[in-house]
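Sequence positions, counted from 1, serve as the residue numbers for this chain.
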Amino acid sequence: MRAHEELRRDTLRFVLAAIRNEEKARLGAAVDKLNAEGKDEPARQAWLAEHRPGELDDAAVQEVLTKQAKMRRDSIEAFQKAGRIDLVEKEEKELAFIASYLPEQLDEAKIREIARGVIAEVGARGPQDMKLVMPKVIAETRGRADGKMVSAWSARC
């Protein structure tokens with residue numbers, strides 16, 4: 001804030017708000033589940049105090065950051081189609097800032113290598129075996145590669 005980096009400040013605020021919203025959503029879902037199970041207020045409070053569903057661990061925060069990065073990539077694509085270069089540049093800067101908090105992204109060669117390894121491991125013979133391959137490839141690349149790119153390379157291998 002003191003450096004007057006307004007874009008960085010605003011992006012950080014959006015990300016923190018997204019994290020808080022996810023915490024509230026998880027807490028709300030847990031309360032709804034407990035209500036559906038018929039637990040009374042003291043039992044709900046005891047369960048919530050013990051399990052703390054509203055507190056996100058590092059993996060959950062990484063998921064939120066990944067979703068925010070995907071939103072920026074989708075916005076960049078839409079703004080490029082609309083010819084809004086000014087907004088494309090803004091979104092790219094936000095994406096770069098968010099990406100600095102995420103693990104390093106895999107390149108196409110590494111994704112292809114992972115996909116080929118899973119295909120060999122599973123013994124996939126054709127497109128009909130994609131339902132066996134995709135879950136394993138996605139699990140190995142989770143948070144480190146864009147889902148569209150993983151799908152594209154898994155289908156080609």
Notebook entry, point to check: Would you find a donor on one side and an acceptor on the other, under 3.5 Å apart, between the side chain of Arg84 and the backbone of Phe79?
Noted result: no
Notebook entry, point to check: Any donor-acceptor pair under 3.5 Å linking the side chain of Arg52 with the backbone of Leu48?
Noted result: no
Checklist line | Heavy atoms from other residues, nucleotides or ligands near CD of Glu104 exceed 12 (cutoff 6.0 Å) | finding: no
Next item on the list: Would you indicate whether Asp86, at its atom CG, is surrounded by more than 12 heavy atoms from other residues, nucleotides or ligands within a distance under 6.0 Å?
Entry: yes
Item checked: Value rounded to 0.5 Å, distance of NZ in Lys90 from OG1 in Thr11 -> 6.5 Å
Next item on the list: Find out if a path of hydrophobic residues (ILVMFWY) with successive side-chain heavy-atom gaps under 4.5 Å connects Val88 to Leu95.
Entry: yes
Check: Salt-bridged, Arg116 to Glu113, with N to O below 4.0 Å?
Finding: no
Next item on the list: Would you mind reporting whether Pro103 and Gln62 have side-chain heavy atoms less than 4.5 Å apart?
Entry: yes
Item checked: Closest non-hydrogen atom pair between Gly54 and Leu27, with its separation -> CA-CB, 4.1 Å
Check: Got a second to check how far Asp32's CG is from Glu37's CD, nearest 0.5 Å?
Finding: 11.0 Å
Next item on the list: Show your reasoning for whether side-chain contact (heavy atoms from CB on, under 4.5 Å) applies to Val64 and Val15.
Entry: CA-CA 8 Å; Val64 173; Val15 168; 5.5 Å; no
Notebook entry, point to check: Roughly how far, to the nearest 0.5 Å, is CZ of Arg72 from CD of Glu94?
Noted result: 4.5 Å
Note to self: Out of the candidates Arg26, Lys24, Arg20, only one should pair with Glu22 under the side chain to side chain donor-acceptor pair (under 3.5 Å) rule; please name it.
What the structure shows: Arg26
Margin query: Regarding Lys93 and Glu89, does a basic nitrogen lie under 4.0 Å from an acidic carboxylate oxygen?
Written below: no
Note to self: For the CD1 atom of Ile85 and the CD atom of Glu92, what is their distance to the nearest 0.5 Å?
What the structure shows: 8.5 Å
Checklist line | Presence of salt bridge, Lys70 and Asp74, under 4.0 angstrom | finding: yes
Checklist line | SB check Lys136 Glu140 (cutoff 4.0 Å) | finding: no
Checklist line | Minimum heavy-atom distance between Leu102 and Leu65, given as atom pair plus value | finding: CD2-CB, 3.5 Å
Next item on the list: Apply the test salt bridge (Lys or Arg N to Asp or Glu O under 4.0 Å) to residues Glu77 and Arg73: give CA-CA distance (whole Å), side-chain angles for both, the deciding distance (0.1 Å), then the verdict.
Entry: CA-CA 6 Å; Glu77 186 178 312; Arg73 282 192 292 275; over 6 Å; no
Note to self: Are Leu16 and Phe14 linked, directly or through intermediate hydrophobic residues, by side-chain heavy-atom contacts shorter than 4.5 Å (ILVMFWY only)?
What the structure shows: no
Item checked: Distance in Å, Ile76 CD1 paired with Met71 CE, rounded so as to fall on 0.5 Å steps -> 12.0 Å
Checklist line | Residues Phe97, Leu12; criterion side-chain contact (heavy atoms from CB on, under 4.5 Å); working and verdict | finding: CA-CA 9 Å; Phe97 179 69; Leu12 187 57; 4.1 Å; yes
Notebook entry, point to check: Looking at CG of Leu56 and CD of Glu23, how far apart are the two atoms once the value is rounded to the nearest 0.5 Å?
Noted result: 4.5 Å
